[in-house]
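Small disclaimer: the values here were computed from a predicted structure and weren't measured. In what follows, chains carry the letters A, B, and so on, assigned in the order in which the sequence lines appear, proteins first and then strands, with residues in each chain numbered from 1.
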Amino acid sequence: MEVIIPECEIIGNPSLPPEAEPVSQNVSSTNNSGSFTRETLNGSAGSDSNSVARLVSKSSANPANGAPSFPPTIQPSYKPPPMYKNRGAIMKNEAPARIIPIAALNPYQGRWAIKARVTAKGDIRRYNNAKGDGKVFSFDLLDSDGGEIRVTCFNSVVDRFYEVVEVGKVYVMSKGSLKPAKKNFNHLNNEWEIFLEAASTVEPCPDENDSIPTQQFNFRPISEIENAENNSILDIIGIVTSVNPSVTILRKNGMETQRRIMNLKDESGKSVELTLWGEFCNKEGSQLQEALDSGFFPVLAVKAGKVNDFSGKSVGTISSTQLFMNPNLPEADRLKVWFDGGGKNAASQSISKDVMPAFSQNLIRKTISQIKDEGLGRGERPDWVTVKATVSFIKADNFCYTACPLMIGDRQCNKKVTKVAGGNWCCDRCDKEFEECDYRYLLQVQVQDHTGLTWVTAFQESGEDILGCSAKELYKLKYEENDDIRFPEIMRRSLFEQYLFRLKIKEELYGDEQKVKITAVKAEKVNPSMESRYLLDLIGRHSV
Amino acid sequence: MDTSSPAVFVNGEILKMYLGRRVRAVVQVMRNEGGVIIGQSTDGYQLTIKGAQSLPLSHFVEVIGVADGNQSIRAEICTDFGDNFDTVSYNGLCQLANGKFKNLFL
């Protein structure tokens, strides 16, 4: 075989014979002398110095200038030798890449550039893994077409860009690598994520201010959250109607954090609980509290809140959530106008509690016989229905239980407490003893309508609705004052009243028997006017 | 109980269908004119109630009597229903009682 060209430029990344000199790694991206550079982008997003292997050969006339010398490689005979000569103009296309929409970005794009505004910037996070110590930070971009994408930087790239990138400013970015987005942490609407590397450029664009919005929202009405999937991420906007104080919560990992619950209301007629975690409690939480204390009901926009279905449906903050108080948005103005114009007093159903007020006429109405006939309560989740029925009997024995009055967060413990030697009450859950316990209703009530009768259990709220006095008062009447006149009188006068009961029906195992347990969470006296309208509507719908 | 001549539930519109018959209607008192009440029916018509004593303005009164004109009733019994009355429900009742479910009432 004959060597045709003694010295050739090296193309690609050949594995070198051991006696060869090491390749010179010239990591310059702004070399304008017409050198031919080739980048190899590594698959892992590790530190950039390892991931970029470059081979630089100068196309100068003298191949001996800094060109590595290798013994000539023998070409396989079926392949013509490469036609690249060390003369002639080989210029890299240095023209700036065209700006494309973020939505068009993909790993196979080739050269690209985007112009976008930073909508969120994360903190630098340090970590330690098998490769050693590292640091990372991410920021989100939004362009004029509404496309969004997350950008992540590792290690030395963090140092380059962390100070450069500011929330709210517009930048032109190019030469980052595109990889699939990590959906667990990245909730933007893009399947890709940009990883910046040593060759990446991020240029501030100071004159660009209006074509790109500062933030993009996709607000859902609160009524739609009811049907949202658990753990899904969404944006909402509403008027803050109440703010609870912060509570310290012990997390699973033993760390303490702050939690703060507030209520948001919008024009959909529903309200939802918003849970603030960690820093949000002190920062935005305090601002909202101040506003309410001064008598104002602020608008709050939530970007990237997480749906939680523990008790009804509620929304909680996550690390990438952003809260905006009284934002300058058309939706915010619309809400304010609605609220001030009467929305403030409009009835609102909370989707965040297991208990829903029976005031709305939209709830499922059943008769007592339908509970049995339709097998209500046999499914996986309890059935919630409204039944119009009359109280026909109330069991006078054991109408209440001794309850723990201590607070856990913003709710009362209410666990049954037992008396210990010494006369104090003891709660197992709170692990505390105290002198005075609370009394809470546990009424067994028989109710009837025109189709049948059944027993329901009424707890504190509905018990008070039915009997018209608190369990504590009644307990004192019966067991401390032994009032044989007033106690039976109270029980008797509660009979034969007609109520709209909000019932929770669930089949449960008692010993080895499946029994349908019915709990009355609310007992509302029938309002003749509203009931008439309900019946009129019902008649209208049912008659053919 | 005398069921020989049941009073038909009427509003302004339905009243004219029962001229000469015994009717009952709830009207809201608009004017008192010496033995005559001018009232507004539950569907917005102005009815004249003859032979009725004066009742407080804007109270609702149930009139049972004989329909003696397209828009007047000769009252036999007047009952003051107070000032809190759901006219929408009553109007719905009048329509049902004279429509689909007439046989339940007459």
- Note: B:I64 and B:A7 closest approach over all heavy atoms is CG2-CB, 4.0 Å
- B:N91 and B:D43 side chains, donor-acceptor separation under 3.5 Å: no
- Is a salt bridge present between A:R533 and A:D537, judged by a nitrogen-to-oxygen distance below 4.0 Å? no
- Query: Contact part of B:F85 toward chain A, heavy-atom cut-off under 4.5 Å: side chain, backbone, both or neither?
  - Reply: neither
- Can you tell which part of A:I539 gets under 4.5 Å to a heavy atom of chain B, answering side chain, backbone, both or neither? side chain
- Should the pair A:K395 and A:W455 be classed as cation-pi, given the thresholds of under 6.0 Å to the six-membered ring centre and 45° from the axis? yes
- Item | Segment of B:L93 engaging chain A (4.5 angstrom heavy-atom cut-off) | backbone
